[in-house]
K.L.:
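Below are the structure tokens for one structure; questions will follow.
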2 protein chains.
Amino acid sequence: MPHDRLERDARPETATFIRHLEASDRTLSDEERQVIDEAISHFIDVDADVDVVREHDRPTVSSLLVSGWACRYNTLADGRRQILALHISGDFVDLHSFPMKRMDHSVATVTRCRFAIVPHENLRRITEEHPHLTRQLWRSTLIDAAVLRQWLLGAGQRSAIEHAAHLICELYTRLRVVNLADETSFQLPLTQTEIGDALGISPVHTNRVIQELRRLELISLRGSTVDILDWEGLLKLAEFDATYLGLEPNREATS
Amino acid sequence: MPHDRLERDARPETATFIRHLEASDRTLSDEERQVIDEAISHFIDVDADVDVVREHDRPTVSSLLVSGWACRYNTLADGRRQILALHISGDFVDLHSFPMKRMDHSVATVTRCRFAIVPHENLRRITEEHPHLTRQLWRSTLIDAAVLRQWLLGAGQRSAIEHAAHLICELYTRLRVVNLADETSFQLPLTQTEIGDALGISPVHTNRVIQELRRLELISLRGSTVDILDWEGLLKLAEFDATYLGLEPNREATS
DNA sequence: CGTCAGATTGAGCAGCTTCAACGTATGTGG
DNA sequence: CCACATACGTTGAAGCTGCTCAATCTGACG
């Protein structure tokens, strides 16, 4: 079942999430930082390929990913699987279960992961006492939705290679924000089958698309290392525009 | 430009949105109902096929759809268009622009529409003073995201006919909630090209998929009237499960 | 050295697209 | 009231994108 080990731990690991919120809003107060920190009840470690939350669950806690890769996914009766989101350090994988209550999809680890667990009761208290922080949490669920819109645009309108290029641009950009990508490369710990489940294409075609990206000298992909060989070329092929990731400073009277 | 006419008006038209929020949470207080009502600054009417908000805009108001159909969409450089969401009475078409600030897509009317306009300043005040209502607004943006996940699952994994059947199930279910569908039929004021843009398929194939749905005696579609001939059959073909629309009563200590 | 997961390749096929034509309903100006 | 225009739906034919099935290759690991 979900969590296979759990332990109390120190707090510096919330730093990634805070960096994340601040990537779009530099106005978090020290108090707010502390509130986030104190909202965490404990940390858990979960092995790779384990369901953390399942469709139809009604979680009473939300999980902030501290390290590792996780995904949201849904399946059809005959086994067809769509990955709905990929998550990295600093992502709140199921914050939406707080206002929504019931899960409409599952969340699984891709690699071994560490999560900071935030009880919904603590989130509720934040909404009662910290409206600005509440808006930032709300905002972080809306950035998930913006990513989802790009995935839908990709699945519906982009060719497989354009869609794949867009995913690489997105992941690279997001990993840079949390300092998990070098200047020209990053680790992508997904099998080609998993990449295909995210893009909505078969594993065989995923392989051919990757080969085509290599042939065009846009990326190299050996093992789990992606090297960006031609960022401009990737951007152009993917029509990637990072605006939707909400990274620009967001100073607003109403923020 | 966006709004082509504007006028002050009476309030009963917020009823649909309130019914909407209450479809999932019967605990709205009279005070909260009044707060929503008073947050509306005015109403506007917009002709069909007009952009209400454009990608990259930074709106200072959000728009609650009172009547008519609207959609969110995004396009690629060569004109390929993906409809990202379809909206009916009671939907807040760009509530997410409040926490997000910058639009990552456009919103357009499909038919002539009436919107209730809610200034972000009023929404900000709600987040300061009405935490329960804030959670319900947050929740309504997350239901949009849940719909989006189903559309991605459809675009990525379902066949065109399964995807189309799912869309019909979704729209019928949503229209029922706001009393805009009969027992066995509803009005769908979309061209086949628009349906195709929502499903991510060509207009020609859309036509063939609709014919196949007719041949299977699942629906009839003449003009803009959809008749549900075999609801059970549609549900099965689409693997439709309405849970994600968040319609179940949602009574929670933390709600 | 055998095993296993994952990557790669080839061949044939299905679903969907594109292009182009034609049908049909509605509306408009002369 | 007819001639024409326009928007949308429908049909046919050819072709491309991506799928399935099945085999082979590769590297990591016990």
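Atoms considered below: every heavy atom in the structure, side chains included; atoms not considered: hydrogens, waters and symmetry mates. Since we're looking at a predicted model, the values are computed, not measured.
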K.L.:
So how far is it from B:Ser67 OG to B:Asp45 CG, rounded to the nearest 0.5 Å?
P.N.:
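The distance works out to 7.0 Å.
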
K.L.:
End-to-end bend of the helix from C:dC1-D:dG30 to C:dG30-D:dC1 (five-pair axes, 10° rounding)?
P.N.:
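Nearest ten degrees gives 30° for this helix.
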
K.L.:
With sequence neighbours left out, what residues match B:Gln82 under side-chain hydrogen bond (donor to acceptor under 3.5 Å, both in side chains)?
P.N.:
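Applying side-chain hydrogen bond (donor to acceptor under 3.5 Å, both in side chains) to B:Gln82 gives A:Gln157.
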
K.L.:
Output the distance between atom OG (A:Ser159) and atom CD1 (A:Ile201), rounded to the nearest 0.5 Å.
P.N.:
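Reported to 0.5 Å precision, the distance equals 9.5 Å.
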
K.L.:
Going by ring-ring contact (aromatic ring centres under 6.0 Å, His included), name the pairs with one or both residues in residues 210-239 of chain A, residues two or more places apart or in two chains.
P.N.:
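Pairs touching residues 210-239 of chain A that pass the test: A:Tyr172-A:Trp231.
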
K.L.:
Enumerate the residues from residues 185-200 of chain A whose closest heavy atom to DNA chain C is under 4.0 Å, giving them by residue number; use none for an empty result.
P.N.:
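Heavy-atom cutoff 4.0 Å gives A:Thr191, A:Gln192.
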
K.L.:
For DNA chain D, find the residues of residues 147-160 of chain B with a heavy-atom distance under 4.0 Å and give them by number; none if there aren't any.
P.N.:
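Residues of residues 147-160 of chain B under 4.0 Å from DNA chain D: none.
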
K.L.:
Reading DNA chain C in the 5' to 3' direction, which nucleotide is the first one with an atom under 4.0 Å from a heavy atom of chain B, and which is the last?
P.N.:
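Result: C:dC16 to C:dC19.
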
K.L.:
Carefully, step by step, assess A:Phe115 and A:Val46 under the rule side chain to side chain contact (heavy atoms under 4.5 Å, CB included).
P.N.:
CA-CA 8 Å; A:Phe115 293 99; A:Val46 184; 3.9 Å; yes

K.L.:
Mind calculating the distance between NE2 (A:His205) and P (D:dC19) to the nearest angstrom?
P.N.:
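One finds 6 Å between P of D:dC19 and NE2 of A:His205, rounded.
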
K.L.:
Would you give a per-nucleotide map of nucleotides 25-30 of chain D, 5' to 3', where B means the base has a protein non-hydrogen atom under 4.0 Å away, S means only the sugar-phosphate does, and - means neither?
P.N.:
------

K.L.:
Rounded to the nearest 0.5 Å, what separation is found between the CD atom of A:Glu170 and the OG1 atom of A:Thr173?
P.N.:
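These two atoms lie 8.0 Å from each other.
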
K.L.:
Please list, in numerical order, the residues of residues 209-230 of chain A that have a heavy atom closer than 4.0 Å to any atom of DNA chain D.
P.N.:
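None - not one residue of the stretch has a heavy atom sitting under 4.0 Å from the strand.
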
K.L.:
What pairs with B:His105 under ring pair (Phe, Tyr, Trp, His ring centres under 6.0 Å), at least two apart in sequence or on another chain?
P.N.:
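Applying ring pair (Phe, Tyr, Trp, His ring centres under 6.0 Å) to B:His105 gives B:His96.
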
K.L.:
Which residues pass the side-chain hydrogen bond (donor to acceptor under 3.5 Å, both in side chains) test with B:Asp197, not counting sequence neighbours?
P.N.:
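Partners of B:Asp197 under the side-chain hydrogen bond (donor to acceptor under 3.5 Å, both in side chains) test: B:Arg81.
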
K.L.:
So which of residues 67-83 of chain B are in contact with DNA chain D, with a heavy-atom cut-off of under 4.0 Å?
P.N.:
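Result for residues 67-83 of chain B: none.
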
K.L.:
With sequence neighbours left out, what residues match B:Asp49 under side-chain hydrogen bond (donor to acceptor under 3.5 Å, both in side chains)?
P.N.:
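With neighbours one apart ignored, the set is empty.
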
